[in-house]
Each structure stands twice: as C-alpha cells, then as structure tokens.
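Here is the naming used below: chain letters follow the sequence lines, and residue numbers restart at 1 for every chain.
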Amino acid sequence: MAQTATTTGGRARTRGRAARYSAFDIVRRGVTHSEWPRSFNEHELRTTYDVVIVGAGVHGLACAYYLAVNHGITNVAVLEKSYMGGGGSGRNTAIIRSNYLTPEGVRFYDRSVKLYEKLSVDLNYNVMFSQRGHLTLAHNDASLRTMNWRAEVNKLQGIDSSVIDAKEVGRIVPYLDVSADTRYPILGALYHPPGGIIRHDAVNWGYARAATHLGVEIHQQTEVLGIETAGGKVTGVRTSRGNISTSMVINCTAGWASTISDMVDVKMPLVTHPLQAAVTEPVKVFLSAVIVSGSLHVYVSQTDRGELVFGASVDPYPSYSMRGSLEFTEGLAAHILELIPSISSLKLLRQWAGLCDMTPDYSPIMGVTPVEGFLVDVGWGTYGFKAGPVAGEQMAQLIATGRTPDLIAAFDLARFADGRLVGEKGAASVGH
Amino acid sequence: MLLIDCPYCGPRNSTEFRHAGEAGKSRDLASATPAQWRRYLYEYDNPLGWVRESWFHSAGCRRYLSSERHTGTNEVRWVVPFGTAAPSSTTDEETSR
Ligand SMILES: Cc1cc2nc3c(=O)[nH]c(=O)nc-3n(C[C@H](O)[C@H](O)[C@H](O)COP(=O)(O)OP(=O)(O)OC[C@H]3O[C@@H](n4cnc5c(N)ncnc54)[C@H](O)[C@@H]3O)c2cc1C
Ligand SMILES: [Zn+2]
C-alpha cells in the first residue's frame, strides 16, 4: 500500500495507516512546531479499478471506507467532479436522528445513529457528535396524532422517543414561546433525546482520510462523463481525466443522481430541488436542543460556536441552481420569530443552498438496477446526511457479497414499479 | 427570484405560481396497466438543462401555463397558455449550455 503516512517531523508511521491524532500529538506539535502529515493523498488516475464510486459526498466516502475496512476491497476510486463535500454533504444542517415513521425507516436510521456514536473513535477523527435532544413541535391535533403514532413505532423498535406536553417543551427550551395565545400555539412535541447535530465536514474528511490510508483513491476535479456497457453489464467509465475499465459503478451523486443514471438509461423516480439554509451571527449559547416545526416550515439549532442554524422545506420548483432566494429568508425570519420572538434583532450572516434528490415517498433508493454492475445509493432528499454511515456499510456489504442486506431491502428501486412505497413524508418533509 | 411572464397577467414572481410538473407525460386512462400508471406517477426526466413544464398561476389568473426553463440557470425561454403549441423557433441545441 503506497499510502503510508509519514510525518515531516521524520518519524515514519505504521505502514498503510494514518498518523494517529491524539491530545499528546497536539501538545507535541505545538511545542516542536512540526508540521502535521497530509490527511489525504493525490493519485494519478489509473485505467482500471474493481469499484468506481461516483460522488465524494458522505455516501461515496463512507461506502469506500467500509469496502476497505470491512471487506478488504481497496482497488476503489471515488470520482468527484468538484471538491470533496462540495454537494449536500458540505451544505447540510447536520441533524442526526432516528425517530422516523415506518419500521423499515426507524431500523435503518437507528443503525446509523449507532455507527455515528462510535465514529470519532473508529476514524480517530473528532466528528463532534452532540446528542443534545431533538424536538418536533405540534401546533395542531393532526400533527399531535402523527407524533403519537411515530412515538409508538419508535418505541417498538427500541428508540428513545415520546410525546411531551407544552409545559415540558418550555422547560427543555426556555426561550420558546409556549404561551397559548400565539398564532400557532405549541400543543406538545415529539421528543427524541438521542437526536442531535454533528460536524458534517469532519465526517466527510474523517471518512476520506481513513479510506485513503486504507488504499482507496479519491479523485477530485474528475467528472464522470459517461458509463460504458456491453450486453447489459457495466464495462467502464469515461471521465474528464481519461477512461477507466471497471465492472462496478455506484451512483452516489444525490442531487445529480438522475444525470448519472441517465448514462445507462436507468429511469429514476427523482426530482432535484434546492434546499436552503442560513446562519446568524454567533451569540452566547442559549438553545440546547434541535427544534423543528412542521407547520411553520422551519427548524433551528445552535452550533458550538453560537451561530443559530436555520432551515426549512425545499424550494417549490425543481432546479439544479444553488442560488439562495429572498423569499426563503423572508419566510424563514417570519416563521422563526413566531417561535422565538426574542431573537428579532439577530443578524443573518449568510445563506446557501444545496441540491436534494426528492423521491415520491421520502425514502432513499439503494441497491441494484436493471443494469448489471450499476448500483444506486440515492434519493437522499433533505435527510441523507444522517444515513451516510449505514448506507455506506450496507452498500459495501452488497458490493462485497452480491446480496442485498435485509436492512436496505425495502428501499430498492423496484419498489416503485411494484407499488411498495415506504412513506416517510410525515417524518421527513420539514425535519431533516 | 424567478420571474414568470404569464401570457394573461404579465411578469410575476414565481411565488404566485404552483409548479405543476414536467410536461409531456401521459397515460391512456382506459388501457394503462398498473406498470404504466406507476411510470406515469413516479418517473421523471429531471434533466440538468432545458425542460418543458407546466405552472398553475394560483395567485393570479388561476390558469395553467406551459414553459421552457433551464434547470441549471433558471432562465425561462418562453411561457404560453397551456395547450398552445410551443414556439417553434427554439431547439434544444440552439441555446443549451
Ligand atoms: C441545506 C441542506 C440541509 C440539509 N440538512 C440535513 C440534515 O439536517 N440532516 C440530514 O441527514 N440531511 C440533511 N440534508 C441532506 C444531505 O445533505 C444529503 O442527503 C446528503 O449530504 C447526500 O450525500 P451524498 O454523499 O449522497 O451526496 P452529495 O454530498 O450531494 O455528493 C454528491 C457528489 O457528487 C458529485 N457529482 C455530481 N455529478 C458528478 C459527476 N458527473 N462526476 C463526478 N462527481 C459528480 C457532486 O459534485 C457531489 O460532490 C440537507 C441538505 C441541504 C442542502
Ligand atoms: Zn396569470
């Protein structure tokens, strides 16, 4: 394995493994001013790989990592047209939770929460997972009913999830307006204590660092232009840096997924919508939990730096444009002030958009397609960051064994033709 | 902000409209098989490029419109009343990028 990390300080590390980060190392390098070793390696593009992953977001990177670490498959290239984490994985609001609506969904996302809980240790990279609690507010009887339903499904799967009343909501989040005389009074909330937020860039970089040190190659600025097939099987990939022969291609391009599947004429039930988010200037920490309001189309959390991070539902028409809009900011401000009136003089620092590949049932699409050797891990909509670890793990298992693991069997592409939808709209349209 | 030039009302902000989906999808009500129905319901071209689509001017004339828009730039090339023939002068090759 050529990716041995050597410190410029002179001490060679274990062959094939990343330099270990530790508190001791921080002190040592602080004192000696020695440079940190490179986290990633760059490579020439080779002409053949066992597996080609398209898209270096959390899904592509996690898949590459688990292929290497769980199955010893390292002749793998991750191809990225732009930069690592330049898609949704570097633009999301990093909410992690497993309180979904269907048993299939709850089981699946719970596995991801479990993987996230030990990810810092597994990757030797601090991903700052903060399980601070997640509250989905109910402003009317209908949403209270859905929340009770969700809580029961969650409990059956062993997930910590329950419906609490407005007084309890006010106790957990003191600055929330829980009075009864507001336009959208808070009647209660679905409370999910293990939910929280994470440092999304650290997750991407941690997977990338671990994967490249196991021998996987990540090629940035390498756009996939076409996929070659013969007799219904994948034979190669055309890229902006040359052609590759391979028998296995995984589509991990989220918002761009239709453009990749089009290359092999696999029709997808996907529509690409922009999703916007915004942050305020940093203020002293006052908000401990993640707050979501479906009726008000808004959610908020506070980062460790003190910025409030806001998000909403997707833009109302399909687009691949990542420009922010004034309509979004206006709606956001109006809605968030209904919930937390005291932040009315906070200033927004910036807003941005990312692309979301929406499916009809708000569940992802993972697994095989009619083209042999062309797999998909897409349909991540507004909720896919939390699923990076589990999807990577399960897709890697599918690639290594050739059999679809039970945990993702319900999320196959064929479900749309067969009429087996996994309806998660009630749990995923605003709360990502 | 996306401006849509409604043939009945003039240029209006897209917030006045409801996006009504990709144009050109159809199924035969009398004879469509379940598989054809599902394809009609769930499959989309979702192109990065020029797309023909429909809009409903819900906060205006409340009529359906057809348009051609580039999904990468959001440039709207033309808008016509629903059911009217598309302006023939434009082809995909002409201005696609
Ligand atoms: C504003 C916002 C907030 C969100 N909030 C949350 C949240 O709180 N919780 C949550 O779980 N999810 C959230 N999401 C959703 C989440 O970000 C995505 O579902 C997830 O990041 C998808 O990861 P991915 O690896 O599949 O795709 P991406 O990270 O989008 O990566 C796809 C990559 O493919 C590359 N690519 C595209 N075409 C090509 C090509 N032809 N050749 C090579 N490379 C190509 C792109 O450049 C891109 O880097 C949010 C999304 C947005 C936009
Ligand atoms: Zn009109």
Side-chain angles (χ1 to χ4, degrees), chain A residues 81 223 225 253-263 265-274 276 314-331 353 355-363 365 369-370 378-379 381 413-423, chain B residues 1-6 11-27 32-60 64-77 79 92 96-97:
Chain A
K81 72 172 168 147
E223 181 170 3
L225 303 172
T253 56
W256 296 267
S258 297
T259 66
I260 302 295
S261 288
D262 267 356
M263 295 172 182
D265 288 327
V266 172
K267 272 274 189 189
M268 302 298 292
L270 297 174
V271 182
T272 297
H273 282 262
Q276 302 188 50
V314 291
D315 286 0
Y317 53 89
S319 178
Y320 287 78
S321 158
M322 287 190 275
R323 287 185 63 170
S325 69
L326 183 61
E327 288 89 7
F328 164 76
T329 334
E330 279 178 344
L355 301 185
C356 296
D357 44 340
M358 308 302 292
T359 61
D361 57 0
Y362 286 70
S363 282
I365 306 171
T369 68
V378 302
L413 176 61
R415 76 176 183 273
F416 298 96
D418 299 349
R420 293 179 279 109
L421 273 58
V422 188
Chain B
M1 186 190 290
L2 177 62
L3 273 186
I4 297 173
D5 194 1
C6 174
R12 298 293 184 89
N13 191 338
S14 66
T15 50
E16 289 191 4
F17 298 80
R18 188 169 60 75
H19 186 258
E22 285 174 7
K25 297 216 297 183
S26 68
R27 75 288 180 219
T33 63
Q36 285 168 336
W37 260 107
R38 291 187 184 119
R39 214 168 299 138
Y40 169 76
L41 285 173
Y42 302 133
E43 282 182 1
Y44 303 92
D45 287 339
N46 193 29
L48 200 183
W50 291 103
V51 64
R52 294 196 177 175
E53 56 195 357
S54 313
W55 300 85
F56 177 58
H57 197 174
S58 50
Y64 278 90
L65 314 170
S66 302
S67 73
E68 191 170 53
R69 177 176 62 103
H70 195 284
T71 58
T73 60
N74 283 334
E75 180 190 340
V76 180
R77 195 141 66 176
V79 187
D92 280 8
S96 68
R97 58 199 78 175

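- Note that NE2 of B:His19 and NE2 of A:His273 are 7.5 Å apart. Values are rounded to the nearest 0.5 Å.
- Side chain of A:Ser321 to backbone of B:Thr73: no donor-acceptor contact under 3.5 angstrom is found.
- Between B:Tyr44 and A:Leu270, the shortest heavy-atom distance links the atoms CB-O, 3.5 Å.
- Of the two parts of A:Pro316, only the backbone, made up of N, CA, C and O, holds a non-hydrogen atom closer than 4.5 Å to a non-hydrogen atom of chain B.
- One distance of note links CD of A:Glu327 with CG of B:Leu2; it measures 9.0 Å at 0.5 Å rounding.
- A 4.5 Å side-chain heavy-atom check between A:Leu421 and B:Tyr42 finds at least one atom pair inside the cut-off.
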Decide side-chain contact (heavy atoms from CB on, under 4.5 Å) for B:Asn74 and A:Arg323; before the verdict, give the C-alpha distance in whole Å, the side-chain angles of both, and the deciding distance to 0.1 Å.
CA-CA 10 Å; B:Asn74 283 334; A:Arg323 287 185 63 170; over 6 Å; no
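- Rounded to the nearest 0.5 Å, atoms CG (B:Asn13) and CG (A:Leu326) are 9.0 Å apart.
- If you measure heavy-atom distances from B:Pro47 to chain A, the contacts under 4.5 Å come from the backbone alone.
- Interatomic distance, B:Arg38 CZ to A:Asp418 CG, rounded to the nearest 0.5 Å: 7.0 Å.
- Screening A:Asp357, A:Thr272, A:Thr259, A:Asp262 for a side chain to side chain contact (heavy atoms under 4.5 Å, CB included) with B:Asn46, the sole residue that qualifies is A:Thr272.
- For chain B, the option among A:Ala417, A:Gly324, A:Ala257 with the highest count of heavy-atom pairs below 4.5 Å is A:Ala417.
- Between A:Tyr317 and the choices B:Glu53, B:Arg69, B:Arg18, the side chain to side chain contact (heavy atoms under 4.5 Å, CB included) rule is met once, by B:Arg69.
- For B:Trp37, no part lies near chain A; criterion is any non-hydrogen pair under 4.5 Å.
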